[in-house]
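Taking it in order: structure first as structure tokens, then the write-up.
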Protein chains: 2
Amino acid sequence: MSNITVSLPQNSYEIAISSGSLSQLGAKMKQLKLGEKVLVVSNPEVFGYYGDTCLQSLEEVGFEIYQHLIPAGEVHKHLQSIEKIYDTALANHLERSSTLVALGGGVIGDMTGFAAATWLRGVNFVQVPTSLLAMVDASVGGKTGVNHPQGKNLIGAFYQPKLVSIDPDVLQTLPEREFRAGMAEVIKYGVIWDAELFSELEQAEHIDSFESIEPELLNTILARSCQAKADVVSQDEKEAGLRAILNYGHTIGHAIESLTDYQEYVHGEAVALGMIAAGEIAIQMGSWKEAAANRQNKLIAKAGLPTTVSAKVKVKDVLEAIKSDKKVKSGKVHFILPKKIGAVKITDKVSSDVVKESVLQLIGNS
Amino acid sequence: MSNITVSLPQNSYEIAISSGSLSQLGAKMKQLKLGEKVLVVSNPEVFGYYGDTCLQSLEEVGFEIYQHLIPAGEVHKHLQSIEKIYDTALANHLERSSTLVALGGGVIGDMTGFAAATWLRGVNFVQVPTSLLAMVDASVGGKTGVNHPQGKNLIGAFYQPKLVSIDPDVLQTLPEREFRAGMAEVIKYGVIWDAELFSELEQAEHIDSFESIEPELLNTILARSCQAKADVVSQDEKEAGLRAILNYGHTIGHAIESLTDYQEYVHGEAVALGMIAAGEIAIQMGSWKEAAANRQNKLIAKAGLPTTVSAKVKVKDVLEAIKSDKKVKSGKVHFILPKKIGAVKITDKVSSDVVKESVLQLIGNS
């Protein structure tokens, strides 16, 4: 059991990690005085597994509960899905003091958070992440939003939850591929922030599935990853500077996802590929040693993540796609480059040629 | 010329009131370092009057400028209009450091603010209100949003502008009816917060049109109203308590607007009616003297605002509509009731009978 506080100027909150905690969610929320009405937003699959436990724990302590299901998948992450949440909120007379609970992965969390941020100009919001990716990344830090037809997460808000409640047990029903994808973000924290976490992952026998990973290591992974994210977010809630380091691997990763129409790679896989490319850029820029990059790439492979990109992806398209990333500032693309395991720097001084070279290598490997 | 600071824990900003200031907007924004790209959002009528001056002032100081027009009127205040702003923002590659300028009344301000709050999870936002209502109320305090098909302002966010720039000269093209509607909110500040402002309005020869009002009084009205709003918002940004007093006259006012399909009364007129009803409730509850209520009602009449409601409005419908107000807490309707000119209290202890009686009186007068 671990409790981590995300300290912010306003709206600090707790990340509570504990095996079996889903059945205690209601009691926890009651302590936080989160109104009387609770709308649980989920997708049919997750809700099929965990809906009963969640609703029962809320009902036991006297919440008035409602539910809203959205079909699973990134393809439903758009404003029209948010409008349907609004309709349910309206039909059940939710009030400003009411709470939206996101029971699901990153897509459910992002959408529920955005609905909570914008219904009645803001109602309470609680994250109950059910994927590894959502546990270590999406559910912490207050980024909420939906996709625009022409780009991911272009519409959204910074809106902090009142609580992030993580029950590692729910990972038992997560598809293995999704588990591995989550592990990509865990490795990311190792590279950008926490060398000790990185070493623990290296020393572990298995990190590529819920079944094979040691429960204690899983708990460490969750706690240290959330702590890393909490540390960064506490220092830079609205991504004015430091927070950008969390995008390590994401610049090229996003480009690869987008160029393959989000069909070929899940997010974590694309980030893994992006980290490999960013590592290569760092080597070429002289900021990182090849040995360190090899350690990173080996760990990515150990987690069962891809290390080469489909030849369908063309280098010139990657370069083009990078330029339309929403984090572009004054037309300049910023890269997060490792200096050593556990530390990175932000730079806008990477030439197209170097990017090209590193992406070519990623394709060349395949 | 008056400068008022809205002091907030984060994101404090200035309200700059100055005759002729529209032509200085660009210079002012440049000082505040608001990025390189500026998207001006307006409606065709307002833009016809003031678009050139606004764009020129931005261009002079080197901003890269874009424009987006939305047809005038509350009927366009919905998510679909926001999506069109997103499309323009995307097409012109706006970045997080870019700025959206709202050049218009409350509808333009609310929508532009919501688009700014939610595009790329938040870009800079500047309010250039062109109606009296927007100057003294809507543009200050960070409430942004759009209507849901079933209710006003149900979708939105608290999002503070970086600057509110008020040029009283633009009121010369505001329709007289809109000027009067704005005056309803000014009278509201007198009743809830600023007895001296109330007295100045009583002593003035005319307060019912831009042509007849003394320019100096107009400046006082703008400054004192904005100061009142800034005082209240500084103490309670997210409407946890005190800020609710700004809704004086709005509970019954909203009900009347909604029951007449927003066709019969403009917002300020409905608020005027709501204040008369709230005053009557306060008398019946023994918290206010009839003489004070008479002063209020006389001032409302002096501003050329309605004091009786169309007989089309049925009392039972008003009671029903009040219950679905978004500010209802735990099913209880909260009323703001005057104690004396310049001070109000919040109560949820008003019986339906008393509300009924006061609304009946409003209709009976007609």
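Numbered from 1 within each chain, the chains take letters A, B, ... in sequence-line order. Everything numeric here is computed off the predicted structure, so don't read it as measured data. The figures that follow rest on heavy atoms only: side chains count, while hydrogens, waters and symmetry mates do not.
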Of Val146(A), Asn147(A), Asn153(A), which meets side chain to side chain contact (heavy atoms under 4.5 Å, CB included) against Asp110(A)?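 With Asp110(A) as partner, Val146(A), Asn147(A), Asn153(A) yield a single side chain to side chain contact (heavy atoms under 4.5 Å, CB included), made by Asn153(A).
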Need one label for [X]: side chain, backbone, both or neither, based on atoms under 4.5 Å from any heavy atom in chain B.
X         : value
Gln80(A)  : side chain
Thr144(A) : backbone
Tyr159(A) : neither
Ile155(A) : both

Is there a donor in the side chain of His250(A) and an acceptor in the side chain of Glu257(A), or the other way round, less than 3.5 Å apart?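 No.
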Quiz question: by atom type and distance under 3.5 Å, do the side chains of His148(B) and Asp87(A) form a donor-acceptor pair?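 Looking only at side-chain atoms, Asp87(A) and His148(B) do form a donor-acceptor pair, the distance falling under 3.5 Å.
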Using every non-hydrogen atom in the two residues, find where Ile192(B) and Tyr248(B) come nearest and quote the distance to one decimal.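 Ile192(B) and Tyr248(B) have their closest heavy atoms at CG2-CB, 3.5 Å.
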At a heavy-atom distance under 4.5 Å, which candidate from His93(A), Gln150(A), Lys37(A), Lys238(A) has the highest pair count against chain B?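 Highest number of pairs under 4.5 Å: Gln150(A).
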Basic-acidic side-chain contact under 4.0 Å: Glu239(A), Lys143(A):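 The answer is yes: the pair qualifies as a salt bridge.
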Identify which part of Leu79(B) has an atom lying under 4.5 Å from any heavy atom of chain A, answering side chain, backbone, both or neither.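 Interface part for Leu79(B): side chain.
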